[in-house]
Protein chains: 2
Amino acid sequence: MAAARVRSGGRPTLEEVAARAGVGRGTASRVINGSPRVSAQTREAVEAAVAELGYVPNRAARALAGNRTDAIALVVPESETRFFAEPYFSDIVRGVGAALADTEMQLLLTLAGNDRERRRLAQYLTAHRVDGVLLVSVHADDPLPDLLEQLGMPSVISGRRHAAETLPSVDSDNFEGARAAVDHFISRGRRNIATITGRLDVYGAQRRLDGYRKAIATAGLDPDERLIAPADFSEEGGARAMRELLERRPDVDAVFAASDVMAAGARHVLRESGRRIPDDVALIGFDDSAVARHMDPPLTSVRQPIEEMGRTMTRVLLQEIASRSSGDAARERPRIVLPTELVVRESS
Amino acid sequence: MAAARVRSGGRPTLEEVAARAGVGRGTASRVINGSPRVSAQTREAVEAAVAELGYVPNRAARALAGNRTDAIALVVPESETRFFAEPYFSDIVRGVGAALADTEMQLLLTLAGNDRERRRLAQYLTAHRVDGVLLVSVHADDPLPDLLEQLGMPSVISGRRHAAETLPSVDSDNFEGARAAVDHFISRGRRNIATITGRLDVYGAQRRLDGYRKAIATAGLDPDERLIAPADFSEEGGARAMRELLERRPDVDAVFAASDVMAAGARHVLRESGRRIPDDVALIGFDDSAVARHMDPPLTSVRQPIEEMGRTMTRVLLQEIASRSSGDAARERPRIVLPTELVVRESS
DNA sequence: CGTAGGCTTGGGAGCGCTCCCAAGAGTTGT
DNA sequence: ACAACTCTTGGGAGCGCTCCCAAGCCTACG
């Protein structure tokens with residue numbers, strides 16, 4: 001009878017498991033936490049009791065007694081949720097989820113708005129709510145990372161804020177991705193290669209521009225600054241930048257846009273100007289999002305391993321947490337860069 | 001000095017706040033939880049102490065003592081994460097986040113895989129991990145909803161499993177959305193209107209088909225079953241269905257696809273067959289996703305208020321939780337349906 | 001045969017908070 | 001002047017678990 005398994009409305013406690021197994025509370029705890037200091041026989045008895053009672057440890061009690069929460073937070077800037085909506089968000093989450101699957105860790109999702117809110121957030125996160133924090137899509141002047149660092153909260157950042165990032169970070173190889181895109185143009189005979197950049201206060205956007213420049217220089221092409229149009233990652237910004245480009249260098253025959261969405265804006269302007277893609281102007285984007293696959297013609301794009309970034313960030317964070325609690329104070333701060341990949345479609 | 005604010009490595013406790021304010025622990029607790037049974041003067045003193053010490057209540061202790069967690073879980077079927085990736089996931093999350101913003105509630109993200117995993121999940125969720133559950137994108141035969149219901153866990157489901165949904169639910173008006181799409185075709189003079197359906201074991205897909213049928217019937221058009229092609233929400237399925245349609249009724253002049261992704265597949269086939277959109281065949285999708293905006297030509301689509309669904313689900317859940325704890329056992333199960341909207345673009 | 005040391009084991013203390021009872025203070029009514 | 005209430009307040013008990021100390025048993029060694 002099911003009723004025999006539970007006391008009045010409650011779920012079984014450790015105490016009950018211990019009683020059922022005929023051992024003490026401490027011993028039962030040891031078994032459940034996988035301590036080696038238990039005899040095989042006792043372990044079996046406790047495990048049987050756990051199974052029979054359907055015992056699941058009470059997280060709150062554990063957290064209170066053990067001074068940890070077995071939870072990590074994924075902090076997403078609210079303003080950019082839509083912006084990064086595309087596959088980004090769900091892919092990151094899938095990666096994080098995968099890395100957490102075999103763990104007891106829970107994932108807390110936190111949408112943080114403005115800077116004031118983020119400052120308060122640091123307080124809350126530190127007040128024993130989570131064991132660690134995953135920071136996604138952080139701006140150069142975000143106060144949160146530094147606050148968390150000061151408060152001693154294990155944290156990992158996706159991308160970086162700048163070249164000298166102090167937090168453990170997991171980034172994709174924006175530089176090489178951009179370079180591969182431009183090299184691809186060059187290998188197909190393009191010579192007047194332009195780029196539309198993202199907001200250059202975002203480190204990744206800067207790196208993409210660096211990669212573009214490097215490829216142009218390596219190929220011995222003329223590094224004309226008029227071929228570089230700054231934008232802001234938006235479709236409209238991409239369109240505007242493309243118009244400038246056409247005006248300054250009507251002979252442009254290839255455009256590397258630092259995001260698929262900007263490429264979509266550029267495509268629109270190119271069409272309006274009567275140019276064919278890829279015949280007259282080749283086009284490459286960045287992100288390999290759904291937009292790229294469904295564009296007409298399908299857009300060649302630089303793929304970032306988003307899901308793997310999520311997985312890697314999580315692994316790094318778990319290590320960070322583990323090393324923190326085992327007292328190795330002076331751990332190396334990992335700074336991981338994952339490779340990007342050029343997905344060639346019909347726009348180039 | 002910052003060090004003066006904290007004891008050896010720890011954060012301030014209620015006890016310390018009480019001492020600082022010169023009151024008892026119970027009184028401090030009352031102030032922090034907004035009980036009215038405190039004098040204005042005392043309240044002020046405690047609030048000052050809270051501010052000075054930067055006190056933040058310890059969640060674990062609260063959860064343990066209060067037998068609640070102040071957290072709700074958002075359960076997302078892992079297999080469909082990619083499928084529903086589009087705006088869906090992030091929009092739902094944004095809605096949920098917005099509804100939770102003024103609350104102390106935390107959002108737990110749970111990716112659940114297969115049925116076995118979901119069964120275990122019910123155990124875990126019930127073991128005092130969360131106060132309530134938000135179920136997103138649930139199949140008709142998912143064991144989780146019933147389990148949660150049996151276990152007495154407050155839950156809200158997005159969409160429904162079938163017409164006789166027993167859980168509180170928030171759905172969009174699939175029926176009217178489909179009807180509006182078909183009416184739009186009719187008002188523009190289309191007569192041979194086909195539909196590509198989603199998996200019909202998904203209630204929403206069934207309702208979209210019902211709406212299509214209703215519109216056809218109301219307009220007095222010939223309800224030819226050959227104009228109905230079943231698919232599975234995938235791009236490839238959409239393409240296959242479109243091929244069948246063209247074979248059975250080459251004179252088709254309008255297609256309502258039950259998802260944008262299927263519409264993209266259909267578009268491909270229509271192009272291949274030499275038909276122009278919308279001149280020869282008009283096309284409407286469902287979801288109003290990024291794919292729709294970037295398709296060529298931009299796709300007319302039925303927009304669902306996803307973010308609002310997230311917000312509403314959350315509100316309903318919070319009410320459910322509140323009523324549960326205040327003991328109104330026999331509460332009405334809300335079943336909310338939010339309106340959809342036809343976003344007209346160039347494909348129709 | 002005595003003692004040191006290794007394994008297991010039981011259970012006390014305590015994590016920080018909420019709940020609730022009882023006591024003190026102040027009011028009102030008779 | 002006293003009983004009957006109401007409003008505040010303090011603090012004990014206890015939520016379920018982990019940590020850790022001490023005790024009980026054995027085995028091994030001098």
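Owing to the predicted nature of the structure, the values given are computational and were not obtained by experimental measurement. As a basis for the values below, the full set of heavy atoms in this structure was taken, side chains included, without hydrogen atoms, waters or symmetry mates. Protein chains get the first letters and strands the later ones, always in sequence-line order, with residue 1 at the start of each.
Separating the CG atom of A:Asp70 from the P atom of D:dC17 is a distance of 13 Å, rounded to the nearest angstrom. Taking atom CZ on A:Arg25 and atom P on C:dG10, their separation rounds to 11 Å, with Å as the unit. For the pair B:Asn58 CG and C:dG16 C1', the computed distance is 6 Å after rounding to whole Å. The distance between atom CZ of B:Arg43 and atom C1' of D:dC7, rounded to the nearest whole Å, is 13 Å. Rounded to whole Å, the distance from CG on B:Leu14 to P on C:dG16 is 11 Å. Atom CD in A:Gln41 sits about 13 Å away from atom C1' in C:dT9, given to the nearest Å. The nearest whole Å value for the distance from the CZ atom in B:Arg68 to the P atom in D:dC15 is 17 Å. In this structure, A:Ile32 places its CD1 atom 11 Å from C1' of D:dG16, rounding to the nearest Å.
In this model, the phosphate group of C:dT18 is not approached by any side-chain N or O of B:Asn67 to a distance below 4.0 Å at OP1 or OP2. Neither OP1 nor OP2 of D:dC17 sits under 4.0 Å from any side-chain N or O of A:Ser29. Residue A:Thr13 places no side-chain N or O under 4.0 Å from the OP1 or OP2 atom of D:dC15. Phosphate contact (OP1/OP2 of C:dT9, side-chain N/O of A:Ser39, threshold under 4.0 Å): present.
A donor-acceptor pair shorter than 3.5 Å cannot be found between the side chains of B:Ser155 and B:Glu149.
Nucleic acid contact for A:Arg37: base, since at least one base atom lies under 4.0 Å from a heavy atom of the residue.
Rounding to the nearest 0.5 Å gives a distance of 11.0 Å between CZ of B:Arg43 and CD1 of B:Ile32.
Of the candidate nucleotides D:dC17, C:dT9, C:dT18, C:dT18 has the atom lying nearest to any side-chain atom of B:Arg62. Listed nucleotides D:dT18, D:dG16, C:dG16 differ in distance to A:Ala61; the shortest reach to its side chain belongs to D:dG16.
Positionally, the nearest nucleotide of DNA chain C for B:Val56 lies more toward the 5' end than for the other of B:Arg30 and B:Val56. If A:Ala65 and A:Gly26 are placed on DNA chain C by their nearest nucleotide, the residue sitting closer to the 5' end is A:Gly26.
None of A:Asn67, A:Thr69, A:Asn33 except one satisfies the side chain to side chain donor-acceptor pair (under 3.5 Å) rule with A:Arg62; the exception is A:Asn33. Partner of A:Val93 under the side-chain contact (heavy atoms from CB on, under 4.5 Å) criterion, out of B:Val93, B:Val76, B:Leu109: B:Leu109 alone.
Below the 3.5 angstrom threshold, one finds no donor paired with an acceptor across the side chain of A:Arg59 and the base of D:dG16.
For the pair B:Pro334/B:Val316, a side-chain contact is recorded, criterion being any heavy-atom separation below 4.5 Å from C-beta on.
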